[in-house]
Undergrad: 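Here it is: the structure, laid out below.
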2 protein chains.
Amino acid sequence: MTQTQILSKNQQIVLDIIEKAKEPLKAYSILFNVQKKGIKAPLQVYRALEKLIKLGKIHKVESRNAFVACKNSYCRISKATAFSICESCEKVTEINNSKISKYLSNFEDNTGMTYKKYNLEFFGLCKKCR
Amino acid sequence: MTQTQILSKNQQIVLDIIEKAKEPLKAYSILFNVQKKGIKAPLQVYRALEKLIKLGKIHKVESRNAFVACKNSYCRISKATAFSICESCEKVTEINNSKISKYLSNFEDNTGMTYKKYNLEFFGLCKKCR
DNA sequence: ATAACAAACGTTATATTATAACACTATGTT
DNA sequence: AACATAGTGTTATAATATAACGTTTGTTAT
């Protein structure tokens, strides 16, 4: 049933790079890495990134302006993202905690806002850096 | 007991502008607004912003690269921030929900990370825009 | 098949956000 | 006074992101 999304050439190239990477990649570092594949301009990268985000294949780590592959294979539409970020070594890990996501996805306040999405970033020190 | 932090000239100018604003301000819009006060260069703004963030006087809304005044007078060091953002009119409100902050501040996982800070951004539609 | 439309592409230029580097000034210890 | 620390002013530049335009490719409906 889960129709596998077919990606365009540029989208696939960009996704491959991000999936192979062990850390979040910045847009221009992606650009540098894919120039041998024929992608020449920032816009080509940004367009692919935008689409991949929409598809939930990757996420943007807002505080770092960097992009990571989504590890949840079922995360086709990313409306609930959480990351843990080490402020020393900059290691970023996607947090997949169903308790948090349940808790936050049901969040309501008295302002009349309707929430469809959230992004949560934790900062601290990882085991190694502590 | 609460020693009121004395701000430098530029810091006070930048804080005033942000506090008066009804919406998050971008760094270069701040710059434009304070040029009559003698602040001429981006760095002067960014330096003030950096310090004000450290003091917890303002927060950065990461997904918008914009800055808002902290409404919690006791929020001298901002280690737990949450915002609600309307994707249509871009209205941003700081969420001051002690349940969430208690819940997230006590978050632990099995990776050995030590958390000292988090930032949470909710996206959706406000009452007017729905 | 082909018309019509949407999505993706390629390219140039430019806007926006942020920091490096350096010399100088003010302020607060001791 | 000597020293440390924080803040300032300035020029230059790096890093991140989008606008605008025209072309190409892929999908869908007849």
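Residue numbers start from 1 in every chain, and the chains themselves are labelled A, B, ... in the order their sequence lines are given, proteins ahead of strands.
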Undergrad: In terms of the angle between their ring planes, are Y118(A) and F122(B) parallel, tilted or perpendicular, with boundaries placed at 30° and 60°?
TA: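 Y118(A) and F122(B): perpendicular rings.
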
Undergrad: Determine: side-chain N/O of K60(A) to OP1/OP2 of dA17(D), distance under 4.0 Å, yes or no.
TA: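 Yes, such a contact exists.
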
Undergrad: Which of the following nucleotides, dC21(D), dT12(C), dT11(D), is nearest to the side chain of A41(B)?
TA: dT11(D)

Undergrad: Closest to the A27(A) side chain: dA21(C), dA17(D), dC21(D)?
TA: dA17(D)

Undergrad: What's the closest nucleotide to the side chain of N65(B) if the choices are dT10(D), dG10(C), dT17(C)?
TA: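 For N65(B), the side-chain atoms sit closest to dT17(C).
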
Undergrad: In whole angstrom, what separates L49(A)'s CG from dA7(C)'s C1'?
TA: 17 Å

Undergrad: Output the rounded distance in Å from CG (L7(A)) to P (dG26(D)).
TA: 14 Å

Undergrad: Just N and O in the side chain of Y46(A): are any of them under 4.0 Å from OP1 or OP2 of dA17(D)?
TA: yes

Undergrad: Quick one: which of dT11(C), dT19(C), dA18(C) gets closest to the side chain of K40(A)?
TA: dT11(C)

Undergrad: Give a yes/no answer on whether the side chain of K26(B) brings an N or O atom under 4.0 Å of OP1 or OP2 in dT17(C).
TA: yes

Undergrad: Would you say K9(B) reaches dA6(D)'s phosphate, i.e. side-chain N/O to OP1/OP2 under 4.0 Å?
TA: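 Negative; the distance criterion is not met.
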
Undergrad: Can you check whether S63(A)'s main-chain N or O pairs, donor with acceptor, with E121(A)'s side chain at less than 3.5 Å?
TA: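 Here the side-chain-to-backbone pair exists.
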
Undergrad: Closest approach to the side chain of L43(B), judged atom by atom: which nucleotide of dA17(D), dA20(C), dC21(D) is it?
TA: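 Of the options given, the side chain of L43(B) lies nearest dA20(C).
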
Undergrad: Should D109(B) and T111(B) be marked as a side chain to side chain donor-acceptor pair (under 3.5 Å) after you check the CA-CA gap, both sets of side-chain angles, and the distance that decides it?
TA: CA-CA 6 Å; D109(B) 59 20; T111(B) 63; 2.7 Å; yes

Undergrad: For dC9(C), take OP1 and OP2 only and decide whether either is under 4.0 Å from a side-chain N or O of Q44(A).
TA: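 False: Q44(A) side-chain N/O out of range (4.0 Å or more) of dC9(C) OP1/OP2.
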
Undergrad: Would you mind reading off the distance between R64(A) atom CZ and dT19(C) atom C1', rounded to a whole angstrom?
TA: 16 Å

Undergrad: Should K51(B) be listed as having a side-chain N or O under 4.0 Å from OP1 or OP2 of dT8(D)?
TA: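 No, because none of the side-chain N or O atoms of K51(B) sits under 4.0 Å from OP1 or OP2 of dT8(D).
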
Undergrad: Are OP1 or OP2 of dT8(D) and a side-chain N or O of S8(B) less than 4.0 angstrom apart?
TA: yes

Undergrad: Counting side-chain heavy atoms from C-beta on, which of dA17(D), dA18(C), dC21(D) comes nearest to Y28(B)?
TA: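 Selected nucleotide: dA18(C).
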
Undergrad: I6(B) has an atom CD1; how far is it from atom C1' of dG28(C), in whole Å?
TA: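 Those two atoms, CD1 and C1', are 12 Å apart.
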
